[in-house]
Amino acid sequence: MIMEYTSIPIYYNDKRYNVYQNELMNFFIFLTKVHPAFILDKSLKAQCRQFVLSACDELCDMNNITLADFQLRINELLVFLQDAHTFVNIEPLSLYPFSVRYFNGSFYLYSISSRYKNVTGKVITSMGGMDIIDIHKKLAGMLPAENKIKAGITGSHFLNNPSLIKRLGIDGDVLEIVFSDGDRINIDKENGTNNQPDQMTVIKPNAVTARQPMPYHYRIIDSICYFQFNEMFDSYTYQLGCQLSGETPDENIIHSLPFFTEFLEHMIQDMNQKGVSLLVVDMRYNGGGNSLLGNMLLEALNIHLSDIESYRTYIRPSSFLKEFYPFLLNKSAEMNDKTLAEQNQDRRMGKEVPLSKYKYTGKVVFIQGQNTFSSANYLLTTVKDNHLFPIIGMPTSQKPTCYGDIIPISLPFTGTKGYVSHSFFRRPDSLLDEETTLMPDTLINTSVADYLKGVDNCWDLSLIHISEPTRPEPI
């Protein structure tokens, strides 16, 4: 299934207003009709409306507003939803010749034009005279995120965007970047955007856990199996998406994609033959996908879903959702767009979920990180709330109780593209609904310096679980 961008309906188009003002008003009305947040929080509509009216005043002079400026305002509106899945793309006319990345609380210079020497990989302490801590706080109010970790990750990708730099309140002809070792560079705003960031940070790959360019892979080292689970997508996922959207599956695509169940069966057979006693499941690079692959994994680990507490899923019915996924909703849910419809898990599954014929019953440890997101966070929350297996690593960038299941959209007046959630997911232990991140059982911090050197404290410390006598019993 190829997810195409669907233009949202036109609810508002006032000739007295310019294209940006009409686009913002129209998008606001659309959100109130499709996003589940407006059902769960009755005060949200008034808060958003107040922001929209104020933003429309700022957007009145199109001569001083670029498309990227407008798209930033849209994302500022979406901050109110506390949903990192719902956002619009920002399309700048130009970029500064550097890029920044966020890792475990720090921003570091990832790449830069080769005219600037010996600064890649350095931790940033200020930009344009503004402390990086203050920049981080401001990013949380400018870009959709569910916690400060996600604000740092997403925001870091836009710190070379002149529109965002200006929106931060950083002005002047020269952009100064200061580093933790006292070094600094000055980028001329007039000419800086004409250079390309062709000098990259060198990140030494860890011999075992370096990210591989595939959705999942494993390797057995003595009595330990390292399983890198990077993406929750397979041929079954593609076919299920086609089923829900009413599309005819492409046989070539079906056969070109791996089947996760087949991968699990092959891995478990290999583990059992080689006497593996510890499985390390690394989900630090996993940004999500189909949550049903998480169910497949748990069943393969001899955890029966009928024996544990699961997520509860609620969908916001709407005519727009019906257009995109005509077979997702049952008939009763289709009739009422004023409430959320709890979705039966069997209906979400559609066709029968393929499960592994083989089981692994030995010890397991999961690793999570800041980029563990969406369905990956969903799986690990299920593991933690049911006390199934130990989890080590760093906090994740998403709330365990969250929004998701996205529809790709385009806005009718500017062509701006983005995504909007239509579902709400409540974690198994609903008493913990207010938590803004999934914390591991054992917190293992890694500095930027160690990360760039290929040091992996999580892998090293996961090995202590080999000495544990048995798999813990689920609670």
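Everything numeric here is computed off the predicted structure, so don't read it as measured data.
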Next on the checklist: If we ignore hydrogens and angles and just use 3.5 Å, is the side chain of Gln212 paired with the main-chain N or O of His217 as donor and acceptor?
Outcome noted: no

Next on the checklist: Checking the side chain of Asn457 only, and the main-chain atoms of Thr446 only, is there a donor and an acceptor separated by less than 3.5 Å?
Outcome noted: no

Checklist entry - Is Ile133 atom CD1 crowded by more than 12 heavy atoms from other residues, nucleotides or ligands, each under 6.0 Å away? => result no

Checklist entry - When rounded to the nearest 0.5 angstrom, what is the spacing between CD1 in Ile132 and CG in Leu159? => result 6.0 Å

Checklist entry - Taking the six-membered ring for Trp, are Tyr216 and Phe260 ring centroids under 6.0 Å apart? => result yes

Checklist entry - Parallel under 30°, tilted from 30 to 60°, perpendicular over 60°: which one fits the rings of Phe38 and His35? => result perpendicular

Next on the checklist: Does Ile220 form a side chain to side chain contact (heavy atoms under 4.5 Å, CB included) with Cys225? I'd like the steps, not just the answer.
Outcome noted: CA-CA 4 Å; Ile220 295 175; Cys225 178; 4.1 Å; yes

Checklist entry - Between the main-chain N or O of Gly288 and the side-chain N or O of Ser375, is there a donor-acceptor pair closer than 3.5 Å? => result no

Checklist entry - If you draw a 6.0 Å radius around CG in Asn118, do more than 12 non-hydrogen atoms from other residues or ligands fall strictly inside? => result no

Checklist outcome for this item: dist Leu95:CG -> Ser163:OG (nearest 0.5 Å) comes out at 9.5 Å

Next on the checklist: Set out, in order, the CA-CA distance, both residues' side-chain angles and the distance that settles salt bridge (charged side-chain N to carboxylate O under 4.0 Å, His left out) for Arg284 and Asp282, then state yes or no.
Outcome noted: CA-CA 6 Å; Arg284 285 174 291 182; Asp282 189 350; 2.7 Å; yes

Next on the checklist: Test your reading of the model: is there a side-chain donor-acceptor pair from Asp441 to the backbone of Pro390, 3.5 Å cut-off?
Outcome noted: no

Checklist entry - Does CD belonging to Glu309 count more than 12 external heavy atoms closer than 6.0 Å? => result no

Item to check | ring pair (Phe, Tyr, Trp, His ring centres under 6.0 Å) evaluation trace for Phe227 with Phe263 | outcome: CA-CA 11 Å; Phe227 167 29; Phe263 168 85; 5.4 Å; yes

Next on the checklist: For the backbone of Thr396 and the side chain of Asn147, can you confirm whether one donor and one acceptor N or O come within less than 3.5 Å of each other?
Outcome noted: yes

Next on the checklist: Check Asp270 with Lys274, please: is the shortest side-chain N to carboxylate O separation under 4.0 Å?
Outcome noted: yes

Checklist entry - Strictly under 6.0 Å, is that where the ring centroids of Tyr419 and His85 end up? => result no

Next on the checklist: Taking Ala84's backbone N and O only, do any of them form a donor-acceptor pair with Glu146's side chain (distance below 3.5 Å, no angle check)?
Outcome noted: yes

Checklist entry - Between Tyr358 and Tyr360, does the ring centroid distance fall short of 6.0 Å? => result no

Checklist entry - Is it the case that Gln398 and Lys150 place a side-chain donor and acceptor less than 3.5 Å from each other? => result no

Next on the checklist: Quick check on the 6.0 Å ring-centre criterion: do Phe320 and His422 meet it?
Outcome noted: no

Next on the checklist: So, taking the atom named OH in Tyr285 and the one named OG1 in Thr372, what distance separates them when rounded to the nearest 0.5 Å?
Outcome noted: 10.0 Å

Item to check | Verdict with supporting geometry, Leu388 and Asn386, side chain to side chain contact (heavy atoms under 4.5 Å, CB included) | outcome: CA-CA 5 Å; Leu388 301 179; Asn386 287 280; 3.7 Å; yes

Item to check | Ionic contact status for Glu434 with Lys399, cut-off 4.0 Å | outcome: no

Checklist entry - Side chains of Thr209 and Asp456: donor-acceptor distance under 3.5 Å anywhere? => result yes

Next on the checklist: Tell me if the NZ atom of Lys122 is crowded by more than 12 foreign heavy atoms within 6.0 Å.
Outcome noted: yes

Checklist entry - Could you go step by step and tell me if Leu297 and Leu379 meet the side chain to side chain contact (heavy atoms under 4.5 Å, CB included) rule? => result CA-CA 9 Å; Leu297 175 59; Leu379 169 59; 4.1 Å; yes

Next on the checklist: Using a 3.5 Å distance criterion without hydrogens, assess whether the side chain of Gln370 forms a donor-acceptor pair with backbone atoms of Pro395.
Outcome noted: no

Checklist entry - Only one of Leu279, Thr361, Ile268 clears side chain to side chain contact (heavy atoms under 4.5 Å, CB included) with Leu301; which? => result Leu279

Checklist entry - Looking at CD1 of Ile90 and CG of Leu72, how far apart are the two atoms once the value is rounded to the nearest 0.5 Å? => result 4.0 Å

Item to check | Centroid-centroid distance, Tyr226 to Tyr218, less than 6.0 Å | outcome: no

Checklist entry - Atom CD1 in Ile392, atom OG in Ser462: separation rounded to 0.5 Å? => result 5.0 Å

Item to check | Parallel, tilted or perpendicular: rings of Phe389 and Phe366 (30°, 60°) | outcome: tilted

Checklist outcome for this item: Checking Leu78, Ile8, Leu44 against Leu31 for side chain to side chain contact (heavy atoms under 4.5 Å, CB included), the one that qualifies is Leu78

Checklist outcome for this item: Between the CG atom in Asp450 and the CG atom in Asn206, the distance rounded to the nearest 0.5 Å is 11.5 Å

Checklist entry - Between the side chains of Asn160 and Ser99, is a donor N or O closer than 3.5 angstrom to an acceptor N or O? => result no

Checklist outcome for this item: In Thr401, Thr313, Asp433, the residue satisfying side chain to side chain donor-acceptor pair (under 3.5 Å) with Arg426 is Asp433

Checklist entry - Are the side chain of Gln199 and the backbone N or O of Tyr116 linked by a donor-acceptor pair below 3.5 Å? => result yes

Next on the checklist: Under 6.0 Å from the ring centre and within 45 degrees of the ring axis: does the NZ or CZ of Arg101 meet both conditions for the six-membered ring of Tyr108?
Outcome noted: no

Checklist entry - Going through the checks in order, is the side chain to side chain contact (heavy atoms under 4.5 Å, CB included) test met by Lys417 and Glu91? => result CA-CA 10 Å; Lys417 292 180 171 58; Glu91 306 165 49; 5.6 Å; no

Checklist entry - Take atom CG in Asp222; do more than 12 heavy atoms of anything else shown fall under 6.0 Å from it? => result no

Checklist entry - Regarding Gln71 and Thr416, is there a side-chain donor-to-acceptor distance under 3.5 Å anywhere? => result yes

Item to check | Residue Lys137 excluded, over 12 heavy atoms near NZ under 6.0 Å | outcome: no

Checklist entry - Using 4.0 Å as the upper bound for N to carboxylate O, is an ion pair formed by Glu342 and Arg312? => result yes

Checklist entry - Looking at Arg427 and Glu435, does any basic side-chain N land under 4.0 Å from a carboxylate oxygen? => result yes

Checklist entry - Looking only at side chains, do Thr261 and Ser356 share a donor and an acceptor under 3.5 Å apart? => result no

Next on the checklist: Under a plain distance cut-off of 3.5 Å, with no hydrogens placed, do Asp234 and Thr237 share a side-chain donor-acceptor pair?
Outcome noted: yes

Checklist entry - Do any pairs count as a ring pair (Phe, Tyr, Trp, His ring centres under 6.0 Å) and have a residue in residues 432-454, sequence neighbours left out, and if so which ones? => result Phe103-Tyr451

